[in-house]
Amino acid sequence: MNITVVPRCPVCGSQKTGYYIIGYDNGALKEKYFHRGERIRFTPFPSVNNCYCCDCGMKWKGTLKKKHLSKEEFSSYLQDHDFISDRDKILNERKIKKDFSEELKYKKQKRIKIIQFLTLIFFGID
């Protein structure tokens, strides 16, 4: 697994750090990077600061390193950088959205059946 490693926060020492990408927010892209073990934020224009801390909000100019990790190293990296709990939260939110959309789909089908039934009764049209 190839990842971009962001250094620890120079103020609070947290490993819960990420980096900036030039562009506009895209939830799917942000989630893809997150599951790869990277936290990103979007910025509309280039900035001197390219790193940020999720805990204290610090922004700084840091050196980003590309690194190749084995599966074991990647799982320990996720635990060290507090991705597991955040990842579970995202998966739970996705499940809730999926359940909600399925419920809406069911209600829509039910409405269509009621309208078809009423049309059949009042107009005799099937």
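The structure displayed is predicted, hence computed values, not measured ones.
Screening residues 1-17 for salt bridge (charged side-chain N to carboxylate O under 4.0 Å, His left out) gives K16-D82, K16-D86 as the qualifying pairs, with residues at least two apart or on separate chains.
A single hydrophobic cluster is seen to contain both F34 and L69, as judged by linkage of ILVMFWY side chains at heavy-atom distances under 4.5 Å, directly or through other members. No continuous path of ILVMFWY side-chain contacts below 4.5 Å connects I3 to L29, so the two sit in separate hydrophobic clusters. Under a hydrophobic-cluster definition in which Ile, Leu, Val, Met, Phe, Trp and Tyr are linked whenever side-chain heavy atoms come within less than 4.5 Å, directly or via other members, F122 and I114 are assigned to the same cluster. Following chains of ILVMFWY side-chain contacts shorter than 4.5 Å, one cannot reach V5 starting from Y19, and the two form parts of different hydrophobic clusters. L78 and Y33 end up in different hydrophobic clusters when Ile, Leu, Val, Met, Phe, Trp and Tyr side chains are linked at under 4.5 Å.
Minimum interatomic distance between Y20 and N49 (heavy atoms only, all atoms of both residues): CD1-O, 3.9 Å. Taking all atoms of both residues into account, the shortest heavy-atom contact from P7 to W60 is O-CZ2, 3.6 Å. Of all heavy-atom pairs spanning T4 and K66, the tightest one is OG1-NZ, 3.0 Å. Minimum heavy-atom separation, I22 to P44: CG2-O, 4.2 Å. Between K61 and V48, the shortest heavy-atom distance links the atoms CD-O, 3.1 Å. Annotation for S14 and D55: closest pair OG-OD2, 2.6 Å, computed over non-hydrogen atoms.
R41 forms a cation-pi arrangement with Y52, by the criterion of a distance under 6.0 Å to the ring centre and an angle within 45° of the ring axis.
Residues N50 and L64 meet the side-chain proximity criterion, which asks for heavy atoms closer than 4.5 Å. Within the 4.5 Å cutoff, no side-chain heavy atoms of R39 are placed close to those of V6.
For Y77, the ring-ring contact (aromatic ring centres under 6.0 Å, His included) criterion is met by H81, not counting sequence neighbours.
No donor-acceptor pair under 3.5 Å is formed between the side chain of D80 and the backbone N or O of Q15. A donor-acceptor pair under 3.5 Å is absent between the side-chain atoms of Q79 and the main chain of S76, judged by distance alone.
With values rounded to the nearest 0.5 angstrom, Q109 atom CD is found 10.5 Å from R111 atom CZ. Distance check, rounded to the nearest 0.5 Å: CZ of R36 to CZ of F74 gives 9.0 Å.
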